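Notes follow the structure.
Just so it is clear: chains get the letters A, B, ... in the order the sequence lines come, proteins before strands, and each one is counted from 1. This one's a predicted model, so the numbers in the text were calculated from it and none came from an experiment.
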There are 2 protein chains.
Amino acid sequence: MSKKSALQENLSYEQKFLEYLKSKGLRFTTERQVILNWVFKSHKHFEAEDLLMDIRQSGERVSKATIYRTLNLLVNCGLLREVIFGEKHSHYEHVHGDEHHDHLVCNGCGKIIEFTEEEIERLQDAVCLRYRFLPASHRLQIQGLCHGCQRAVKE
Amino acid sequence: MSKKSALQENLSYEQKFLEYLKSKGLRFTTERQVILNWVFKSHKHFEAEDLLMDIRQSGERVSKATIYRTLNLLVNCGLLREVIFGEKHSHYEHVHGDEHHDHLVCNGCGKIIEFTEEEIERLQDAVCLRYRFLPASHRLQIQGLCHGCQRAVKE
DNA sequence: CTCGATGCAAAGTATTTGCACCTAT
DNA sequence: ATAGGTGCAAATACTTTGCATCGAG
């Protein structure tokens, strides 16, 4: 299993999006191209507003409505996942193949730590089996204080 | 360990709320009394809107603003927990002592199945230890199809 | 050429807030 | 008496939608 280069990854995102659009009879517009590029330019979590700002600052121009419409498409085609961190607006992150991770959310500084724990995933499947439930996705997030913020509180 | 009667439980909720209010120099008003009664009248998950409707239909009168303000108090004093089911508005459920459960959410019929899995809780603590993270609360929810809805899809 | 896409502004939701009046303590 | 509380309506924050126009295939 060789690691894919950033370029290859980027191409595969575009590939996947193109296939999705074609399968639904939708079009690959300039705006969708621009948004796709920005979404996959960094690997951080982001919000619709962040994306809008970044694109505006770069000089390119896409309306807020189109941002929202396109983010929904990207979620539906499996390139993005919506992760909720307790705030009222949506946060998004990239989906990489089958890899799944969960989040530790610091109530102090807002930092988000990603972790994976195979055993928890396995136990979730066991729970689903027990209830004859067919899982499609899941979210696990633990809120608390990161190491740095614990020390800040003690002082 | 004897089971507490519904009456006893209800009293203990009121007790806890009263103590919380006193500790913060807040007042126990008629409106807060009414809301408290309705919140603990049933054991189901509910939303602010549900509560407002129920109270209005009963003939008692509390404004929407007061509902929201009081729900926040009840969350802060540990009597309610906010559970998020992917919708844009908040859902609440009762907190019973230390017992914690998580949710299976059916994308078909909206049914919510509660489950507890000690081992998952234990593994979460292990993860926190690994990252020197101090957990305060967590949410795990699995979305998918319940048994009934799986059959409906097959047909 | 045709139908889907875009931008804009208006409409929705869910929740919070400012303020004048009210009431528990 | 005096903070804190309440209702109301207006304000907010995020997201969706209607519609006239635009552009990809």
Side-chain angles (χ1 to χ4, degrees), chain A residues 14 17-39 45-56 58-77 80-92 110, chain B residues 14 17-39 45-56 58-77 80-92 110:
Chain A
E14 193 163 318
F17 193 37
L18 278 167
E19 275 162 30
Y20 174 80
L21 291 175
K22 179 169 287 180
S23 78
K24 298 270 181 181
L26 305 177
R27 292 162 188 176
F28 191 53
T29 62
T30 321
E31 289 82 359
R32 289 180 179 166
Q33 170 90 72
V34 168
I35 293 172
L36 191 69
N37 284 344
W38 277 97
V39 162
H45 296 106
F46 67 94
E47 330 177 355
E49 197 60 26
D50 297 339
L51 188 58
L52 184 66
M53 293 309 199
D54 286 351
I55 293 180
R56 289 254 165 98
S58 81
E60 309 192 79
R61 206 174 284 86
V62 173
S63 75
K64 187 175 285 199
T66 298
I67 297 268
Y68 279 107
R69 289 190 272 235
T70 305
L71 286 176
N72 286 336
L73 288 178
L74 290 172
V75 168
N76 287 337
C77 84
L80 289 183
R81 164 190 303 136
E82 226 174 316
V83 284
I84 297 182
F85 297 119
E87 287 171 58
K88 39 242 140 258
H89 55 279
S90 300
H91 294 240
Y92 301 87
Chain B
E14 193 163 315
F17 192 37
L18 278 167
E19 275 163 28
Y20 174 80
L21 291 175
K22 179 170 285 181
S23 79
K24 298 269 182 183
L26 304 177
R27 294 166 187 175
F28 191 54
T29 61
T30 320
E31 290 82 359
R32 289 180 179 165
Q33 169 91 72
V34 168
I35 293 172
L36 190 70
N37 283 344
W38 276 96
V39 161
H45 297 105
F46 66 94
E47 330 178 354
E49 197 61 25
D50 296 339
L51 188 57
L52 184 66
M53 294 309 199
D54 286 352
I55 293 180
R56 289 253 166 99
S58 81
E60 311 193 78
R61 206 175 282 83
V62 174
S63 75
K64 187 175 286 200
T66 297
I67 297 269
Y68 278 109
R69 288 189 272 233
T70 305
L71 285 176
N72 286 336
L73 288 178
L74 290 172
V75 169
N76 288 336
C77 84
L80 289 183
R81 165 190 304 135
E82 225 172 318
V83 284
I84 297 182
F85 296 120
E87 287 171 57
K88 40 243 138 259
H89 55 278
S90 300
H91 295 239
Y92 300 87

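The side chain of B/L26 lies closest to D/dG5 when the candidates are D/dA9, D/dG5, D/dC14. Checking C/dT15, C/dC8, C/dT17 against the side-chain heavy atoms of A/A65 singles out C/dC8 as nearest. Among the nucleotides D/dA24, D/dT6, D/dT15, the one closest to the side chain of A/T30 is D/dA24. Looking at the side chain of B/S63, the nearest of the listed nucleotides C/dT15, C/dG7, D/dC8 is D/dC8.
For B/R27 and D/dA3, a side-chain-to-base donor-acceptor distance below 3.5 Å is present, hydrogens and geometry of angles not being considered. On a pure distance criterion of 3.5 Å, no polar donor-acceptor pair joins the side chain of B/R69 and the base of D/dG4.
A salt bridge links B/E49 with B/K64: the closest approach of a Lys/Arg side-chain nitrogen to an acidic carboxylate oxygen falls below 4.0 angstrom.
For B/E60 and D/dG7, the CD to P distance is 12 Å, given to the nearest whole Å. In this structure, A/K22 places its NZ atom 16 Å from C1' of C/dG4, rounding to the nearest Å. Between the C1' atom of D/dT15 and the CD atom of A/E82 lies a distance of 11 Å, rounded to the nearest Å. In this entry the distance linking CG of A/L18 with P of D/dA24 reads 14 Å, nearest Å. Counting to the nearest Å, the C1' atom of C/dC21 and the CD atom of B/E31 are 13 Å from each other. If you measure from atom CD1 of B/I67 to atom C1' of C/dT13, you get 17 Å, rounded to the nearest angstrom. Straight-line distance from the NZ atom of B/K64 to the C1' atom of C/dT16: 12 Å, rounded to whole Å. Taking atom CZ on A/R61 and atom C1' on C/dC8, their separation rounds to 14 Å, with Å as the unit.
One finds no side-chain N or O of A/Y68 lying less than 4.0 angstrom from the OP1 or OP2 phosphate oxygen of D/dT16. Remark: B/N72 is in phosphate contact with C/dT16, judged by side-chain N or O atoms under 4.0 Å from OP1 or OP2. A close approach under 4.0 Å does occur between a side-chain nitrogen or oxygen of A/T29 and OP1 or OP2 of C/dT6. For the OP1/OP2 pair of D/dT6 and a distance below 4.0 Å, the side-chain nitrogens and oxygens of B/R32 include at least one atom meeting the criterion.
With A/F17 as reference, A/L74 is the one residue of A/I35, A/L74, A/L26 to meet the side-chain contact (heavy atoms from CB on, under 4.5 Å) rule.
Where B/G25 and B/T66 meet DNA chain D, the nucleotide closest to each residue was compared, and B/G25 sits on the side nearer the 5' end.
Annotation: the span from B/T70 atom OG1 to B/E31 atom CD amounts to 8.0 Å, rounded to 0.5 Å.
Side-chain N or O atoms of A/D50 include one that pairs as donor or acceptor with a backbone N or O of A/E47 at under 3.5 Å.
Of all heavy-atom pairs between A/V62 and A/L52, the closest is O-CD1, 3.6 Å.
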